[in-house]
Protein chains: 2
Amino acid sequence: MQRPTGSTEGLRRSNTGAVLRALRRLGPSTRVELAKDTGLAKATVGVIVADLEAAGAVAEEGSRPGVRGRPGRPVALRGERFVTLGLELNVDYVSAVVLDLAGDVVSSSSRPGGTTADLRELAGTALAEHVGTDSTLVGAMLAVPGLVRGDNRTVAWAPNLHVTWPDVADTLGSLVPGRRIEVSNDANCAAYAESHHGAATGAAHALYLTGTVGIGAGIVQDGEVMRGGAGFAGEVGHMPVGDSTALCGCGRRGCWEASIGLHAMLAAVAMTELDTPLRTAEAVAARALTDAGVRSGLERVGRDVGLGIAMLSSVLDPEVVVLGGYFAPLGDLVLEPARRTLDERLASAVQVRPDLRTSTLGIQAAALGAAEQSFGPVFAGERELTA
Amino acid sequence: MQRPTGSTEGLRRSNTGAVLRALRRLGPSTRVELAKDTGLAKATVGVIVADLEAAGAVAEEGSRPGVRGRPGRPVALRGERFVTLGLELNVDYVSAVVLDLAGDVVSSSSRPGGTTADLRELAGTALAEHVGTDSTLVGAMLAVPGLVRGDNRTVAWAPNLHVTWPDVADTLGSLVPGRRIEVSNDANCAAYAESHHGAATGAAHALYLTGTVGIGAGIVQDGEVMRGGAGFAGEVGHMPVGDSTALCGCGRRGCWEASIGLHAMLAAVAMTELDTPLRTAEAVAARALTDAGVRSGLERVGRDVGLGIAMLSSVLDPEVVVLGGYFAPLGDLVLEPARRTLDERLASAVQVRPDLRTSTLGIQAAALGAAEQSFGPVFAGERELTA
DNA sequence: GACATTAGTACGAGTCTCGTACTTAATAGT
DNA sequence: ACTATTAAGTACGAGACTCGTACTAATGTC
């Protein structure tokens, strides 16, 4: 999905990227299998694999015999050598994920707090403990709840965070010398994570919905995050959906998050907020087991969730919609009414309702997605893996 | 924007595509200018240009002196040799556009009628009159109002058309021997046309809204049509927007097109339909000059248009929104209230309202977009131009 | 008319992919 | 146990392509 650099070296980079992608997708594979999948010649794959092995990016596994003929020697991505760092700075917690080239999570941690110092400490610990001198940090990305420009560098608007941006950039810059830390929107990162590791694995077109006090969406189209003209695509919290009289925190009426945000949900079930959205939702789910009033309140919220997803689906046509944030603990209590509403709103018989699922990655979704995105240039064949 | 095929020949194709794209974007350019723009070496560009000239795809223009040094000899895309055919089959009219490699419309025609025979006749005439034996038909695409799968081959649902699909495919197949005719959605084609030739020229992220009895959207993201998982992205007519009590032709209530479709607009201004949507809208626009009631009716429609665009903008973040179909003749009568509504619904201070414009391509938009899309593989460096 | 300046080309070096032929390592059959 | 068969991986030379350098060509400037 990228333009080759023009030169033959660029061609090699591009083909190396194709081999790496095939290894991620197929798992351990022999050279012949890789050749078949990528369309390259056997000999070419052999050379590329040898280079990757020298760089420490792949390793041979034990052969698997049983069939006639010389057994192939499968090659697998090796995690030890190359890693990325994904961070999330949120209102009341920070997260860090170290991901390796094989796609395994090397380290995953989060803690309460929302300051630059909290983030710095968590990231510093993760790096110190899990990124040795023999491994290379390929890239790093920070996910934030806010509007981030398409260049992945400047935060245009993050009203809920109590930090100043040059400060964050400086702090993190000193942490990862020589590598710029990119910034991206948390919902976009989470969407990427779910489509690569979570509930939407394998779906090229996925939609992720994060729900806390605000509502945000991350859109994955053709395996890539969709950013829009300025980078602000997916800011769906203030779409006019649901109860048109509901007063939103932004001062207007009828915003979607005024109908399905955490506070609206709590009002619907007549309960109060606990310390975190997740714990609050768990308490609501527990109460729903015995309280019909809570169940019907969630039913109302679910219908409004479905209404918004109907809208988004008709625009984006995703295969899978993943609900994260406070929706995850509530599960089918919200999803079932949403599915019913969605079925009612399908425009035609040929349209298939997207699969509604709850997030499987929880609070680490955004940080994991940030880490995974940092591998993007490697798998795209834009950045070379050097020892 | 695409991956080379692996071989060095693929690299050449890819680089040739880059040169062609540069020529389209920059206009006539010298080899040095092309080298600077594409990042290729002077010598490489020289070879590629020579090949293209031999194939008849480009030609040298008169030099432009005036500066010190040897004057460059600009090279320009040549239209005579390679063309594409874009067709549109709609409910009550058919259109055909022949487009050449230089981006000039060679022929553009449309006529009433909505049968396979009408289409065949129009297409046959266009080909016979404007595609000589010395020119090559690079590709052909048909735009239809309906749901077309992402493979650009199968029509899943087109309830308004009174044709059978194998029939259309056979008829057109015999017209363009040896080349498969692709099919696509009309709004997607029109969006592509507007972003390449029309009101959104130069915008990488554009949204096109077509309005007749039904409402459809075409989405261009990063210069490419966004299709979604099944190919049905942009089916926005039945989003729940606007008057939630309005009864839609689909049997449900609250669909957007029940508030802003042609019939809803006519009800709002208390006028009756003429033979075509365009002529009807022109009559309404004329009446609005003297009739305050009509103006306030359009005002109401405009607000609902703005409400839906607010929704779409928060999801897609386009730079430009182009309104086609019956909206074009009404212009600011609808756009102004839409802009005001949009301004009210912007979620944050940093978000910029997308530019609302009326279509400049009129009834030919879809056919032109279909033709332009048929050049896609050429500019992407996937298909070679051979004499 | 000499010089400076810029455009375009010729050419050789380097890189890469590919197909073919060959080697290697296993199973199947006798 | 030995041979035939099958399939994986590699060595090697041919071919295609890009690139940098050196060179030629064409124009304006002094």
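When reading the values below, keep in mind they use all heavy atoms of this one structure, side chains included, and skip hydrogens, waters and symmetry mates. All chains are named by letter (A, B, ...) in the order of the sequence lines, taking the proteins before the strands, and each is independently numbered beginning at 1.
No side-chain heavy atom of D100(A) sits less than 4.5 Å from a side-chain heavy atom of F82(A). Put simply, the side chain of R227(B) does not reach to within 4.5 Å of the side chain of I219(B), judged on heavy atoms.
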Identify every side-chain donor-acceptor pair in residues 43-51 of chain A under 3.5 Å, counting partners at least two apart or on other chains, and give the distances.
| unit_1 | atom_1 | unit_2 | atom_2 | d |
| --- | --- | --- | --- | --- |
| D51(A) | OD2 | R12(A) | NH1 | 2.8 |

Side-chain atoms of residues 65-78 of chain B: list all donor-acceptor pairs with protein atoms under 3.5 Å, sequence neighbours left out, distances to 0.1 Å.
| unit_1 | atom_1 | unit_2 | atom_2 | d |
| --- | --- | --- | --- | --- |
| R73(B) | NH2 | E60(B) | OE2 | 3.3 |
| R78(B) | NE | G56(B) | O | 3.1 |

For nucleotides 19-30 of chain C, 5' to 3', base contacts (B), sugar-phosphate-only contacts (S) and non-contacts (-) with protein non-hydrogen atoms under 4.0 Å give B----BBBSS--

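Projected onto DNA chain D by closest heavy-atom contact, R73(A) and V47(B) fall at different nucleotides, the more 5' of which corresponds to R73(A). In this structure, G72(B) and I48(A) both approach DNA chain C, and ranking their closest nucleotides by distance from the 5' end singles out G72(B). Between R31(B) and T16(A), it is R31(B) whose nearest contact on DNA chain C lies nearer the 5' terminus.
Taking the ring-ring contact (aromatic ring centres under 6.0 Å, His included) definition, one finds that H205(B) meets it with nothing, sequence neighbours left out. Taking H196(A) as the reference, Y192(A) meet the ring-ring contact (aromatic ring centres under 6.0 Å, His included) condition, with sequence neighbours excluded. Remark: S374(A) pairs with T84(A), M141(A) by the side chain to side chain contact (heavy atoms under 4.5 Å, CB included) rule, at least two apart or across chains.
The interatomic distance linking E384(A) (CD) with dC16(C) (C1') rounds to 13 Å, in whole Å. Between R13(B) atom CZ and dC17(D) atom P the separation is 10 Å, expressed in whole Å. Rounded to an integer number of Å, the gap from CG of L34(B) to P of dA7(C) is 12 Å. Between the P atom of dG8(C) and the CD atom of E53(B) lies a distance of 12 Å, rounded to the nearest Å. In this structure, N15(B) atom CG and dC16(C) atom P are separated by 15 Å, rounded to whole Å. What separates CG of D51(A) from P of dG9(D) is a distance of 17 Å, to the nearest Å. The distance between atom CG of L11(B) and atom C1' of dT17(C), rounded to the nearest whole Å, is 11 Å. Remark: C1' of dG9(D) and CG of L40(A) are 16 Å apart, rounded to the nearest angstrom.
Contact annotation: T8(A) side-chain N/O to dC17(D) OP1/OP2 distance is not under 4.0 Å. Put simply, S7(A) has no side-chain N or O that comes within less than 4.0 Å of OP1 or OP2 on dC19(D).
Among the nucleotides dT17(C), dG8(C), dG14(C), the one closest to the side chain of T30(B) is dG8(C).
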